[in-house]
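First comes the structure, then the notes that go with it.
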Amino acid sequence: MDYTKTLNLLKTDFPMRAKLPEREPEILDWWQQINIYQQVRESRRGAPTWILHDGPPYANGNIHLGQALNKILKDITIKYKTMRGYDCPYVPGWDTQGLPTEQAVQTEYGIDRHEVPVLEWRSKCQELALKYVEIQREQFQRLGVRGDWHNPYLTLDKDYQARQIEAFGKIALQGLVYRSLRPVYWCYHCETALAEDEIEYVTRTSDAIYVAFELRDADQCFDQLPQGARAHVVIWTTTPWTIPGNTGIAVGEHYEYALVKAKDDYYLMAQELLSESMQQIGLSDYEVVATRPGKDLVGLAVQHPLYDRISPLVLADHVTLEQGTGAVHTAPGHGLEDYQVSLECDLDIISPLDDCGRFTDEAGPELAGLVCDEANEKVLELLEACGALLARTTIEHEYPHCWRCHLPVIYRATLQWFMDIDQLRDQALTEIAETTWIPAWGESRIAGMVESRPDWCISRQRSWGVPIPVFYCTDCGEALLTEETVAHVRDLVAEHGADVWFAREAAELIPPGTTCPECGADSFIKEPDIMSVWVDSGCSHYCVMRPHPELSYPADLYLEGDDQYQCWFQTSLWVAAGLGDPAPYKTVVGHGFFVDDGGQKLSKSKGNIIDPAEIYNKYGADVLRLWFTYADFRQKMHHSEDILQQVAEAYRRIRNTARFLLANLRDFDPATDGLAPDQMREIDRWALLRLNRVIKRMTEAFDRWDLHLFYHDVHGFCANDLSAFYLNVLKDTLYTDLPDSPARRSAQTALWQLLLALTKMIAPVLTFTADEIWEHCRETDLSLPVSAQLADWPRVDERFDDEELRVRWERLMQMRTQVSAALEQAKEDGEIDQPLTAAITIYAPEDEQQLLASFGDDLRMIFVVSAAQARPLAEGMSELQVEVAQARGEKCERCWLYDEGIGTSPEHPTLCPRCVQRINQWPENQQ
RNA sequence: GGGCAAUUAGCUCAGUUGGCUAGAGCGCGCCCCUGAUAAGGGCGAGGUCCCUGGUUCGACUCCAGGAUUGCCCA
């Protein structure tokens with residue numbers, strides 16, 4: 001007879017194989033159908049809100065792995081917080097304006113911005129940005145990210161732009177914004193100023209030259225100098241093309257400078273760098289005539305080698321003796337430190353370059369029209385011709401490059417708009433101290449950056465962005481910016497979008513009747529520059545969080561890649577400070593970046609870019625999501641195929657555990673079959689005690705953003721506590737006991753709790769799989785909400801927190817390890833085939849022996865053997881010993897345990913008495 | 001050159017206030033099961049806890065210096 005029909009074998013249509021790439025899109029469709037975002041929001045109506053403000057990714061391509069990580073971490077957090085009882089509106093956003101889009105229009109559409117009208121150019125930019133918003137929206141949703149995808153915020157929205165103009169006006173009217181001629185990083189390929197965060201340093205080889213500047217009145221300082229002798233200050237520079245911009249030479253106050261004679265000429269430079277420099281110049285035969293400290297040299301007049309003008313000797317703190325001659329070529333139009341010196345020492349600021357980096361006529365006829373970097377040769381030629389070029393070598397050094405076109409940038413003095421950071425710094429630092437930073441060292445990191453950050457250059461010489469709403473009087477040139485003009489522009493932009501600024505003349509953009517407060521004239525021109533894209537996103541709290549009916553200020557959380565300490569975390573703070581607001585965030589979480597298995601950063605140029613679509617199309621988004629909780633996201637994240645394989649394997653384990661639970665609950669109705677804790681068997685209470693522990697740890701981990709503990713704890717629980725032990729032990733009860741027996745119902749009561757809690761706990765991470773499991777859970781309990789996302793986070797059930805039980809089982813588990821080892825040994829020695837054929841005797845010290853004995857008949861079940869008994873230590877034994885023998889009797893055909901009573905029933909000659917009894921009582925309808 | 005951080009088995013991580021033979025999962029090797037089966041179970045081999053000093057009865061844990069790596073800045 002086939003006894004399999006008299007067993008409660010597994011039964012479920014929950015598939016073992018996930019086929020996530022096929023299954024996930026179906027679940028997505030279903031979420032859309034039931035409008036999961038709205039349902040979740042409604043289920044939390046009236047609950048306290050918890051707001052994560054989305055940092056807008058830049059819409060100029062497919063999403064990359066870092067963006068996938070970012071959005072998934074946000075999603076995990078929001079889903080967790082929702083389950084914890086909060087109402088969590090999530091409004092995703094996109095950064096849509098700025099240089100990257102303009103460049104993409106050029107490359108993708110092949111349009112030259114100089115050849116089309118500005119409005120057409122802007123419309124192309126908008127078209128492209130919106131295209132990528134669509135693409136990214138699809139891709140983010142595919143990752144399982146839940147949010148208000150139908151109503152995202154875009155920085156190009158009219159309302160956004162209008163609020164941004166309003167914010168600028170408020171900040172500017174408080175005197176926190178100024179316009180100044182100042183050297184800024186300038187990319188002459190992109191024809192725009194670049195902010196510090198748009199610079200990348202690349203090693204390159206440059207010229208390094210020594211140049212002689214003739215001293216006009218050296219004899220004032222050095223009476224050793226013979227009448228009519230020529231003396232030169234020697235400078236060293238790696239950018240020959242900046243020589244035309246030289247307006248001074250800086251020396252260090254306390255350094256000793258030596259006047260040396262070589263051949264018939266005299267040279268002046270720092271004593272300490274003398275031998276090195278003279279060697280480079282090729283004048284090894286020289287003598288020191290005199291020395292003077294730097295401070296004595298101040299005010300000496302030096303003749304510029306190329307032009308008829310004087311470059312005075314000045315003091316500067318930044319002069320060092322690390323390189324060069326200790327006499328520093330100073331071109332205030334081409335360097336920030338030089339610029340600062342020029343302010344202190346009243347040097348001229350000369351920057352004879354146009355937007356494209358070409359020398360203007362100011363540089364003289366030989367240089368006019370040449371592009372600066374390429375003009376090096378010509379400058380060298382000119383210096384050579386006048387005998388000023390002493391030596392020419394090369395040097396390898398880090399040089400700033402444009403982050404977009406990767407070409408070298410220059411410093412160029414231009415009129416730019418700045419936010420006055422000095423006025424806001426203290427407030428910003430106070431706010432930083434008030435904010436919670438995760439990880440904690442993020443605080444010292446951003447504080448350090450904020451302390452030393454120079455004024456923020458916020459203007460860009462481009463057109464795809466929000467205009468700087470300033471006018472200039474055509475008569476006196478004075479800038480015009482009043483509450484009225486700002487409000488007027490703001491209203492026009494709110495109605496027509498920022499295009500209106502570019503479509504209309506100044507007269508049509510100012511309130512009628514406006515006159516210049518300085519000279520009374522009524523004719524104006526408009527500011528040509530737009531705001532940096534970092535202003536756009538930095539204003540998001542003012543443009544989105546403030547006015548949005550569902551959001552509020554400040555946000556509970558900002559969560560971005562840790563490059564944002566220098567960018568969005570900061571720009572948002574500066575804007576808030578400028579507006580007189582507290583920080584826009586209460587907590588800020590920074591996450592690391594991906595590196596490949598060799599530890600190299602993922603980048604296009606290295607060709608090691610990973611497309612998240614490839615991963616979710618191959619493994620599924622849930623595996624991708626699980627991966628992001630596999631490693632500590634606050635550090636760099638490694639990517640390799642090996643790691644993905646591991647994660648996929650772990651996914652299968654979790655999935656199969658859930659499947660096993662489901663498959664044993666088909667005949668269980670929690671309402672009628674569930675048992676109270678005091679009616680449950682000890683092992684089942686132990687399982688729920690262990691579940692409590694996982695819930696506790698998971699909750700703490702999520703609260704502390706120790707997300708990687710999720711993977712390790714949940715997976716460890718499934719693998720160790722459940723698969724390897726509890727579920728394995730339970731099989732005998734679940735399969736062979738009477739369906740309605742107390743033991744089986746006790747087990748099922750625990751299994752049901754395990755299944756529910758586990759499914760809820762994985763819901764924020766394995767968001768697709770959780771709902772797939774949940775659907776099957778609802779077959780057991782229809783009163784459950786339709787999605788796990790609508791469930792409450794599991795709670796610790798204190799009825800199972802039994803310390804005595806915990807200790808008791810901990811000791812048992814230790815002994816179990818020894819039993820397993822003994823069984824393995826017996827198997828190797830050929831004494832038994834497998835554990836089920838074994839009978840074990842455990843000789844244990846008294847305490848242990850009593851503990852084991854207290855389990856009675858359950859002991860053999862716990863060790864998954866046919867028979868087990870505990871005895872006191874025998875003579876000569878000092879510690880626990882396990883004796884393994886072949887179990888007596890035959891193998892029962894039904895329960896597979898060995899028993900001596902087999903054959904005693906004529907009706908069922910192959911069954912043990914226990915099974916015979918059960919068969920006889922087996923419910924009719926299940927036979 | 002400066003700031004912030006990291007460094008525990010092949011991989012990803014644990015390791016409370018310094019204290020028994022440093023743990024887990026995966027991977028690997030060997031074996032068992034075939035009533036979780038493109039599943040499940042057992043055992044095993046893998047570690048100078050980056051290095052060097054110091055404090056201490058005792059340091060993976062604390063201190064100093066160094067190395068390497070990553071990010072940011074110059």
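Every chain is numbered from 1 and lettered A, B, ... according to where its sequence line falls, protein lines coming before strand lines.
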If we take the [atom1] atom in both [N] and [M], what is their distance in whole Å?
N: rA5(B); M: rG65(B); atom1: P; answer: 15 Å
N: rC30(B); M: rC20(B); atom1: P; answer: 35 Å
N: rC11(B); M: rG46(B); atom1: C1'; answer: 13 Å
N: rG1(B); M: rU8(B); atom1: P; answer: 25 Å
N: rC28(B); M: rG18(B); atom1: C1'; answer: 35 Å
N: rU17(B); M: rU55(B); atom1: P; answer: 24 Å
N: rA39(B); M: rA22(B); atom1: C1'; answer: 33 Å
N: rC62(B); M: rU16(B); atom1: P; answer: 9 Å

Which base sits across from [N] as a Watson-Crick or G-U pair, both distances under 3.5 Å?
N: rC26(B); answer: rG10(B)
N: rC71(B); answer: rG3(B)
N: rG58(B); answer: none
N: rC50(B); answer: rG66(B)
N: rC20(B); answer: none
N: rA45(B); answer: none

Open item on the list: From C-beta outward on I643(A), which listed nucleotide comes closest to its side chain: rA6(B), rU12(B), rC13(B)?
Closed with: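 Of rA6(B), rU12(B), rC13(B), rU12(B) is nearest to the side chain of I643(A).
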Task: Closest to side chain of W441(A), choosing from rU69(B), rA5(B), rC71(B) - done: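 Nearest to the side chain of W441(A) among the choices is rA5(B).
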Open item on the list: Whether the side chain of W437(A) engages the backbone of G590(A) through a donor-acceptor N/O pair (distance < 3.5 Å, no angle test) should be reported.
Closed with: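 Here the side-chain-to-backbone pair does not exist.
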Open item on the list: Between R659(A) and P15(A) (side chain of the first, backbone of the second, donor and acceptor by atom type, cut-off under 3.5 Å), is there such a pair?
Closed with: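 Flag not set: sc R659(A) to bb P15(A) has no pair under 3.5 Å.
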Task: Check: F628(A) ring centre within less than 6.0 Å of F594(A) ring centre - done: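 Yes.
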Open item on the list: Apply the syn/anti split at 90° from 0 to rG70(B) and say which one it is.
Closed with: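 Because its glycosidic torsion lies more than 90° from 0, rG70(B) adopts the anti conformation.
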TODO: Please check the phosphate of rG70(B) (OP1 and OP2 only) for any side-chain N or O of H638(A) closer than 4.0 Å.
DONE: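 Answer is no, no contact under 4.0 Å.
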Open item on the list: For the OH atom of Y735(A) and the CG atom of L730(A), what is their distance to the nearest 0.5 Å?
Closed with: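 Spacing of OH (Y735(A)) from CG (L730(A)) equals 9.5 Å.
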TODO: Drop me the distance from Q635(A)'s CD to D562(A)'s CG, to the nearest 0.5 angstrom.
DONE: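 So the CD of Q635(A) and the CG of D562(A) are separated by 9.5 Å.
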Open item on the list: What contact category does N664(A) fall into here, base, sugar-phosphate, or nothing, at under 4.0 angstrom with non-hydrogen atoms?
Closed with: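 Since no nucleic acid heavy atom lies under 4.0 Å of N664(A), the category is nothing.
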Open item on the list: The test is side-chain hydrogen bond (donor to acceptor under 3.5 Å, both in side chains); show your working for Y558(A) and Q564(A) and say whether it passes.
Closed with: CA-CA 10 Å; Y558(A) 273 36; Q564(A) 302 300 332; over 6 Å; no
Measure from [atom1] on [X] to [atom2] on [N] and round the result to the nearest Å.
X: I432(A); N: rC4(B); atom1: CD1; atom2: P; result: 15 Å
X: L836(A); N: rG41(B); atom1: CG; atom2: P; result: 15 Å
X: R655(A); N: rU37(B); atom1: CZ; atom2: P; result: 13 Å
X: F628(A); N: rC13(B); atom1: CZ; atom2: P; result: 14 Å
X: D632(A); N: rU8(B); atom1: CG; atom2: P; result: 13 Å
X: D721(A); N: rG40(B); atom1: CG; atom2: C1'; result: 16 Å
X: K636(A); N: rU7(B); atom1: NZ; atom2: P; result: 10 Å
X: E451(A); N: rG2(B); atom1: CD; atom2: C1'; result: 13 Å

Open item on the list: I'd like to know whether CD of E890(A) has more than 12 heavy-atom contacts from other residues, nucleotides or ligands below 6.0 angstrom.
Closed with: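 Open: at most 12 neighbouring heavy atoms sit under 6.0 Å from CD of E890(A).
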TODO: Starting from the 5' end of RNA chain B, give me the residue, S444(A) or A821(A), whose nearest nucleotide shows up first.
DONE: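 Nearer the 5' end of the strand: S444(A).
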Task: Most 5' of F725(A) and D562(A) on RNA chain B, judged by nearest nucleotide - done: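 Residue closer to the 5' terminus by nearest nucleotide: F725(A).
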Task: Contact letters for nucleotides 23-36 of chain B, in which S counts primed atoms plus P, OP1 and OP2 and B counts the base, heavy atoms under 4.0 Å - done: -SBBS---BSSSBB
- [ ] For Q748(A) and W752(A), run side-chain hydrogen bond (donor to acceptor under 3.5 Å, both in side chains): C-alpha distance rounded to whole Å, both residues' side-chain angles, the deciding distance at 0.1 Å, then the answer.
- [x] CA-CA 6 Å; Q748(A) 285 179 317; W752(A) 176 240; over 6 Å; no
Open item on the list: Against D706(A), only a single residue in R634(A), R697(A), H712(A) fulfils side-chain hydrogen bond (donor to acceptor under 3.5 Å, both in side chains); can you say which?
Closed with: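 Of the listed options, the one satisfying the test is R634(A).
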